Amino acid sequence: MKLLLRLLALARPTRWSFALGALLTLIVVLANVALLGLAGWFIAAMAAAGLAGASINYFTPAAGIRAFAILRTVGRYLERLINHDATLRLLSRLRIWVYRRIEPLAPAVLSRYRRGDVLTRLVADVDTLDNAWLRVFSPALVAVFSTAAMIVFLFFLSARIAFLDLGLLAIVGIVFPFLTHRLGRHSAGRATATAGRIKAALVEDFSGLAELQALGADTARREAAVRHNRGLAQEQDRGLRIEAIALGLIVLATGTALGLTWLLVAPDAARGHMDPLYLPLLVFFVLASLEAVQGLPGAFRALGDTLAAAERVFEIADETPIVTESVLPVNMVENHDLAFDSVRLRYAPGLGWALDGVSFELSAGAAIAVVGPSGAGKSSLAHLLLRFRDADAGTISLGGHAIGDYGLEILRAQFAWSAQSTRLFSTTLRENLRLARPAADDQELWAALDTVGLATEAHGFERGLDSFVGAGGMMLSAGQARRLILARAWLSAAPILLLDEPTEGLDAANERALIRALAENRGQRSLLLITHRLAGLERMDEIIVMDRGRVIERGHHDELIAHDGFYRRMADYLLA
Amino acid sequence: MTENNHAVTAKHWLNHEARAVRFPLVTAIASGSINGGLLIAQAFLLAHLVDHTIFKHQSVASQLVPFAALLGVFLLRAICVYAGTRASMRAGLAIKVRTRAALLTHIHKLGPVWSMAREPGELANTVVDGVEALHNYYAQYLPQASLAVIVPLAILVVVFPIDWISGLILAGTAPLIPLFMVLLGKGAAALNQRQWSRLRRLSAHFLEVLAGLGTLKAFGAARAEVKLVEKLSEAYRKSTMNVLRIAFLSSFALEFLATVSIAMVAVLVGFRLLWGEVPFSAGLTALLLAPEFYLPLRNLGNAYHARLGAVAAAEQIAAILATPVPAWAGTRRFRPGAAFTLEFECVSFSYATGPPVLRRISFEIPAGNHIAIIGPSGAGKSTLLYLLLGFVQPAEGRILVDGQALETLSLADWRRDIAWVPQRTHLFAGTIAQNIALGAPGAGRAAIIAAAEQAHADEFIAALPRDYDTPVGEDGAGLSGGEIQRIALARAFLRDAPLVVLDEPSASLDMASEAAVGAALKTLARGRTIVTVAHRLHTVRQANRIVMLEAGRIVAMGTHNTLVGHEGPYRRLLDAAPALVDPA
């Protein structure tokens with residue numbers, strides 16, 4: 001209930017459109033009942049007049065029939081337009097709402113949800129919520145109001161038929177859907193869970209297919225998937241059988257209601273308690289009244305989806321950001337001396353330390369490299385500097401202030417960051433680069449591409465800077481995408497270059513050339529280079545070697561190579 | 001293929017598959033038709049009851065027979081509805097079971113080289129959600145499409161003799177309805193293709209923005225992006241509404257036709273009743289049947305969405321199933337007692353649409369030798385391993401195993417003699433023990449532990465909360481790269497194959513794993529033939545022979561000492577490597 005109210009609150013700005021849409025739907029339903037009821041009465045009255053040779057005012061009912069027919073059709077058309085328009089309006093509002101809620105959480109809190117495509121699901125969930133009005137609220141509202149209107153009308157003709165119709169609508173609109181939902185919930189839940197398990201297993205199978213085949217384990221895995229697939233069909237079958245039974249029962253209930261209508265009205269008509277011409281009216285009315293509750297079974301089904309989607313969306317949206325901005329932020333960075341002092345970090349209380357007492361300094365204008373195997377904690381350093389998360393212990397200072405003292409935007413503007421996890425957006429080369437410096441002209445863009453060795457290739461692209469890079473840079477090779485990300489960071493005016501594995505995917509010769517270009521052309525900017533490879537590191541002022549969250553060696557390249565340690569062993573790697 | 005061709009193939013595939021569920025579909029259509037006949041009977045009985053009550057002044061008691069018949073008709077209709085719904089549901093379920101099994105078999109036959117080029121999550125979505133989208137095509141659209149012809153025709157046949165004017169009205173609108181259905185279909189298809197693809201792009205953009213939030217924040221652009229989301233959504237709404245205004249017109253016309261015809265039937269029947277031209281029961285029957293005439297058509301309109309979704313899904317499914325599978329012809333039993341020699345004889349290979357990856361490669365691997373394959377990325381090293389593992393077959397040339405062509409051997413037999421340690425090992429959901437025993441499902445706990453000990457994995461496994469029964473996820477949650485590597489080595493030990501194919505990690509492992517993996521590899525190498533794609537100078541030095549590839553060709557071959565001795569590609573490679581004092 002709380003969830004539903006919260007959902008309704010989100011739809012507040014579009015409430016008048018939705019209300020109008022519901023009103024039109026109501027008119028469409030009532031126009032149909034009126035049309036058929038009136039038609040039933042009309043032909044009976046005409047027949048009676050014909051038999052009696054009496055005159056009759058047929059203009060009014062005939063006009064009414066035509067009017068209801070047109071009202072229904074036009075109402076339906078307008079209702080569709082208005083509801084679709086409102087739905088699309090709501091979609092953009094929902095997205096903006098979700099975006100505003102999630103923006104402060106990225107990327108640290110979101111990374112907790114990384115598994116199972118949470119973002120993909122979030123986008124789908126927002127779409128589900130967007131449809132909640134049309135699939136859940138509107139049918140319920142229309143059912144209640146149209147039933148009320150019809151029952152009041154019937155009450156004036158025959159109280160017993162009014163109760164009979166109410167009973168029929170309650171059974172078809174509420175009892176059956178409720179029972180179907182209750183009885184089917186178990187198998188529906190199990191079917192969803194089975195489908196999820198099948199999907200998870202298939203993702204494993206497809207990504208590890210090479211190993212499965214090499215190990216001869218593929219047949220067994222495939223047979224297991226086929227078996228689960230049959231199990232899924234059985235679960236679904238159970239739920240579907242209940243639905244089929246409900247459909248049959250609706251026919252039976254309708255027949256019973258019609259039979260009872262005749263049984264109740266016929267004796268009254270015979271005894272003159274009721275105008276016999278009402279009989280065809282009531283028969284048509286009862287038959288047509290079912291349209292009022294037509295949307296309810298679907299609403300019951302959609303309700304579950306909607307609530308589940310709402311729960312997931314609110315769960316993420318209600319997360320508290322783990323990084324908060326200082327209330328009285330420092331908005332001036334006096335110098336760019338950077339220092340880590342005994343910094344510790346872990347990603348969750350139960351886990352080991354990702355950084356375990358890391359200390360080093362990067363004075364303004366200097367160049368240092370942090371090296372170590374993957375999992376050593378190198379990238380965590382960058383995340384801490386950008387305040388995607390905060391250290392559990394120790395301090396990081398920039399220009400004499402703890403980094404937490406600065407405003408978030410000011411702090412982040414000090415770093416030109418490139419990493420595996422930074423993204424390319426599905427737009428042009430130019431727009432991707434300009435993210436770092438919106439005012440950059442083509443000459444500056446080409447200069448940045450040239451520094452990272454991408455200019456020649458980019459000149460070869462059919463549309464040059466206007467070439468599309470595809471979602472996540474898909475249209476580029478992995479190496480090109482890495483260099484474009486690097487060029488973007490390079491283009492940024494930020495005084496500290498924070499480059500995380502910029503040479504991944506390059507061969508040794510190109511890697512060396514790139515590091516040289518970066519080191520030579522960086523001007524006054526400081527360089528913090530994070531890498532697990534060693535090409536070109538002779539040029540660094542200092543090298544910090546990390547393993548499992550600790551600094552285990554540090555010094556200049558020549559010193560580290562001369563000493564028989566981890567750095568020396570890393571140097572044993574021949575090439576990428 | 002163009003977009004249109006895809007849709008044609010998809011429709012063809014959908015119809016072809018319908019043959020497999022012919023029986024339930026026919027049952028569903030038959031039940032629906034009988035239900036239609038009963039509907040007509042129901043209209044006659046109702047009209048009879050009303051007529052006799054109002055105009056013939058019959059008592060309730062004298063009409064018990066038609067009354068009972070009416071109830072009986074409703075009972076039979078309920079049974080027909082149940083039976084028809086069940087049959088059509090069964091058709092949907094059967095298609096799903098069948099298609100998923102076919103997809104899985106086909107994807108497995110297409111093999112890892114094909115699947116590696118695809119996003120595994122998307123592929124799984126096609127198999128699970130994509131196939132699910134087929135359900136309503138068979139369970140709703142196909143039976144409805146037949147019933148939308150059969151039931152209105154039956155009603156026409158009945159209405160004409162009892163009231164030909166009403167029959168004419170219905171018959172007059174009937175041909176217009178398929179016309180509007182086509183327009184509706186066309187409109188919906190246009191809407192589908194244009195607007196849905198835009199909607200998908202819009203969703204994709206939203207997803208992209210959410211996924212790229214970190215980047216946007218780092219560049220201080222996160223707050224500006226919300227404006228873009230808003231602008232795009234608004235532009236999409238406007239263009240969609242323009243399309244919808246037109247698209248809804250055809251359904252408006254359909255609805256208008258149906259409703260106005262019912263009104264016309266009522267009004268015209270009324271006047272002829274006044275003039276005494278038709279009996280009341282006939283007029284009432286015609287009016288009762290008029291809404292039922294349009295109902296199946298309206299149902300078909302509703303099922304149309306199911307069709308659109310199914311065609312979209314079928315495009316992907318049919319495309320996968322139509323991808324030709326490389327056949328492995330060999331069946332010869334292969335059971336070598338001991339190590340065997342391998343020979344590449346003028347082997348060339350290229351992937352479907354690419355340039356040659358390997359060009360006339362020839363070299364020999366004597367039994368028990370250690371071969372290091374080196375070269376820059378893209379040189380063809382991995383392809384060489386895939387050829388050995390039977391994931392792909394040479395386009396030209398042969399691979400000989402003890403003198404027999406590899407392609408003549410049974411693939412299962414051949415793979416039983418290879419242990420492969422990939423660069424990036426996949427762990428599967430399950431326990432550590434299950435993961436080690438992946439290639440040897442019958443292995444007992446003792447054998448698993450022995451293999452782990454040989455792989456120097458026993459120590460870290462014992463330190464885990466539930467040691468060998470600790471569950472691990474797909475990404476090996478909590479295990480370091482070096483630890484996962486050692487589990488892969490344990491797999492290889494347990495497999496105990498005479499040929500080991502090794503893809504060395506291209507980056508250093510953590511300090512603890514470096515030593516352990518090195519020691520384990522030394523044990524594994526004893527008495528086995530080893531082919532390594534090598535990244536470490538250490539490994540290369542130890543090899544009996546180095547095969548250096550560049551752009552698909554062998555550019556150098558020999559031992560470290562011979563190759564380093566004179567100017568050539570190998571020497572140049574070493575010169576580019578980090579300055580290293582020679583420990584030798």
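Here is the naming used below: chain letters follow the sequence lines, and residue numbers restart at 1 for every chain. Everything numeric here is computed off the predicted structure, so don't read it as measured data.
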*Asks:* Tell me whether the centres of the aromatic rings in Trp114(B) and Phe206(A) are closer together than 6.0 Å.
*Replies:* no
*Asks:* If we define contacts as heavy-atom pairs under 4.5 Å, which of Gln234(A), Arg569(A), Glu211(A), Arg89(A) has the most with chain B?
*Replies:*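 Greatest number of close heavy-atom pairs with chain B: Glu211(A).
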*Asks:* Go through Ser92(A), Ala244(A), Gly53(A) and name the one with the most non-hydrogen pairs under 4.5 angstrom from chain B.
*Replies:*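 Highest number of heavy-atom pairs under 4.5 Å: Ala244(A).
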*Asks:* Is it the side chain or the backbone of Glu132(B) that comes within 4.5 Å of chain A heavy atoms, both, or neither?
*Replies:*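 Contact with chain A involves the side chain of Glu132(B) alone.
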*Asks:* Go through the atoms of Trp420(B) and report whether side chain, backbone, both or neither lie under 4.5 Å from a heavy atom of chain A.
*Replies:* side chain
*Asks:* His538(B) versus chain A, heavy atoms under 4.5 Å apart: side chain, backbone, both or neither?
*Replies:*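 Both the backbone and the side chain of His538(B) come within 4.5 Å of chain A.
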*Asks:* Between Glu514(B) and chain A, with a heavy-atom cut-off of 4.5 Å, which part of the residue counts as in contact: side chain, backbone, both or neither?
*Replies:* side chain
*Asks:* Can you say whether the rings of Tyr386(B) and Phe391(B) are parallel (under 30°), tilted (30 to 60°) or perpendicular (over 60°)?
*Replies:*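 Taking Phe391(B) first and then Tyr386(B), their aromatic rings sit tilted (interplane angle of 30° to 60°).
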*Asks:* Using non-hydrogen atoms and a 4.5 Å limit, figure out which bit of Thr105(B) sits close to chain A: side chain, backbone, both or neither.
*Replies:*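 For Thr105(B), heavy atoms of backbone and side chain both lie under 4.5 Å from chain A.
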*Asks:* Heavy-atom cut-off 4.5 Å, strictly under: side chain, backbone, both or neither for Arg491(B) against chain A?
*Replies:*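 Contact with chain A is through the side chain of Arg491(B) alone.
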*Asks:* Counting distance only, does the side-chain N/O of Glu204(A) pair as donor-acceptor with the main-chain N or O of Ala429(B) below 3.5 Å?
*Replies:*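 Present.
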*Asks:* Please look at Ile79(B) and chain A and tell me whether the side chain, the backbone, both or neither of the residue comes under 4.5 angstrom of a heavy atom of that chain.
*Replies:* neither
*Asks:* Can you tell me which portion of Ala270(A) sits under 4.5 Å from chain B's heavy atoms? Options are side chain, backbone, both or neither.
*Replies:* neither
*Asks:* Is the closest side-chain donor-acceptor distance between Trp262(A) and Thr53(B) under 3.5 Å?
*Replies:* yes
*Asks:* Between Ile107(B), Asn125(B), Val128(B), which is the residue that forms a side chain to side chain contact (heavy atoms under 4.5 Å, CB included) with Leu202(A)?
*Replies:*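 Per the side chain to side chain contact (heavy atoms under 4.5 Å, CB included) rule, the option paired with Leu202(A) is Val128(B), out of Ile107(B), Asn125(B), Val128(B).
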*Asks:* Look at the side chain of Thr259(B) and the backbone N and O of Phe256(B), then say whether any donor-acceptor pair between them is shorter than 3.5 Å.
*Replies:* no
*Asks:* Given that the side chain runs from C-beta out, which part of Leu35(A) has a heavy atom under 4.5 Å from chain B: side chain, backbone, both or neither?
*Replies:*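 Looking at Leu35(A), just its side chain touches chain B.
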*Asks:* Keeping Arg100(B) on the side-chain end and Val127(B) on the backbone end, is there a donor-acceptor pair under 3.5 Å?
*Replies:*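 Side chain of Arg100(B) to backbone of Val127(B): a pair is present.
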*Asks:* Does Arg118(B) use its side chain to pair, donor to acceptor, with the backbone of Leu123(B) at less than 3.5 Å?
*Replies:* no
*Asks:* Considering only heavy atoms, which portion of Ala218(B) lies under 4.5 Å from any heavy atom of chain A: side chain, backbone, both, or neither?
*Replies:*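 Looking at Ala218(B), backbone and side chain both touch chain A.
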*Asks:* Please flag which part of Leu49(B) lies under 4.5 Å from any non-hydrogen atom of chain A: side chain, backbone, both or neither.
*Replies:* both
